[in-house]
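Note that this is a predicted model, so its numbers are computed, not measured. Counting convention: from 1, in listed order, for ligands and their atoms alike.
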Amino acid sequence: MPNFRGKRFTNAHETMIWASKGEGAKYTFNYEALKALNEGIQMRSDWVLPICNGGERLKTAEGEKAHPTQKPVSLLHRVLVGSTNPGDVVLDPFFGTGTTGAVAKMLGRDWIGIEREEAYIEVAERRIADTRAFDRSALEVTRAKRAEPRVPFGQLVERGMLRPGEMLTSPSGKSAKVRADGTLVGDDVRGSIHQVGAHLEGAPSCNGWTYWHFRRDGKTVPIDVLRQQVRAEMAGRTP
Ligand SMILES: C[S@@+](CC[C@H](N)C(=O)[O-])C[C@H]1O[C@@H](n2cnc3c(N)ncnc32)[C@H](O)[C@@H]1O
């Protein structure tokens, strides 16, 4: 950010517009990925990032700055991880040195850049050609749990993955029986996997998927493993 002289506040921020194409339009916002980037805390709207300096700053053959307002890679990394997915196309109509294109390439996104200055186009093209894409397997970002398809517990029973009458157990030694309608029944309680778990633990809530276990081949396995299996089948992948 240019730091204007004079008796005034030091210019220390730029405003970023985060918008969708229209009311009700679908947009990508990788909330969980941004939270993960911020060590598990919801990402704030004020970002403190160092300006583009030092070795990151592109220079001409004469050692001059190749562009007056080259943006930092860290900024584009956060923008693209937060608002795009691998394979998406990112449009930057003010391409400059092509920071957007370079980071898009690293992150496995495609890009379209528009720039009117021939000198900057050359810099951007060279820069992007020299940029290496990250390993594809490292590009998958943390997704919101709700982005995963919902699998009702009853579906495990319908599919025969758990039999009506089969006993489920908890690590704390509680047990309940699976019923044909996808509910559980325990001593003085019946209801969903979550309700029965919460009741037996005397807790306000309980994640039944991790609480309840079944036995297979002498091992105790959380029922969540079966849910993951169903999700993997739905997505056409091997669990
Ligand atoms: C702020 S700079 C972009 C810097 C870029 N983000 C980077 O990291 O290098 C804006 C760029 O838009 C270009 N530009 C401005 N108006 C334009 C126009 N009408 N058509 C194409 N490019 C334009 C300028 O030449 C300048 O390089």
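Using a distance-only test at 3.5 Å, with no hydrogens or angles considered, a donor-acceptor pair links the side chain of D181 to the main chain of T183. Between the K105 side chain and the I128 main chain, a donor and an acceptor come within less than 3.5 Å of each other. For the pair R231 (side chain) and P149 (backbone), a donor-acceptor distance under 3.5 Å is present.
From M43, atom CE reaches atom CD of E32 across 12.0 Å, with rounding to the nearest 0.5 Å. Interatomic distance, NE2 of H77 versus CG of L49, reported as 11.0 Å (0.5 Å rounding).
Under a 4.0 Å criterion applied to the non-hydrogen atoms of K71, ligand 1 contributes the atoms 6 (N), 7 (C), 8 (O). Every atom of ligand 1 with a heavy atom of Q70 under 4.0 Å away is listed here by number and element: 7 (C), 8 (O), 9 (O). Near T97, meaning under 4.0 Å from one of its heavy atoms, ligand 1 places the atoms 7 (C), 8 (O), 9 (O). If you number the atoms of ligand 1 from 1 as listed, the ones under 4.0 Å from a heavy atom of H67 come out as 2 (S), 4 (C), 26 (C), 27 (O). Close contacts between ligand 1 and T99 involve ligand atoms 7 (C), 8 (O), 9 (O) [criterion: under 4.0 Å to a heavy atom]. Of all atoms in ligand 1, numbered sequentially from 1 with element shown, those under 4.0 Å from a heavy atom of T69 are 1 (C), 2 (S), 4 (C).
Other residues, nucleotides and ligands place more than 12 heavy atoms under 6.0 Å from the CZ atom of R216.
For E115, a nitrogen or oxygen atom sits less than 3.5 Å from a nitrogen or oxygen atom of ligand 1, counting backbone and side chain alike.
Among E14, E118, R116, the residue whose heavy atom sits closest to atom 22 (N) of ligand 1 is R116.
Under 4.0 Å from ligand 1, the heavy atoms of Y120 that appear belong solely to its side chain. With a 4.0 Å cut-off on non-hydrogen atoms, E117 touches ligand 1 through its side chain and not its backbone.
For atom 5 (C) of ligand 1, the nearest protein heavy atom (residue, atom name, distance) is F95 O, 3.5 Å. Scanning all protein heavy atoms for the shortest distance to atom 3 (C) of ligand 1 gives F94 O, 3.2 Å.
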Checklist line | Steps toward salt bridge (Lys or Arg N to Asp or Glu O under 4.0 Å) verdict (D224, R227) | finding: CA-CA 5 Å; D224 203 29; R227 178 170 69 159; 2.7 Å; yes
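Ring geometry for Y27 versus W18: interplanar angle over 60°, hence perpendicular rather than tilted (30 to 60°).
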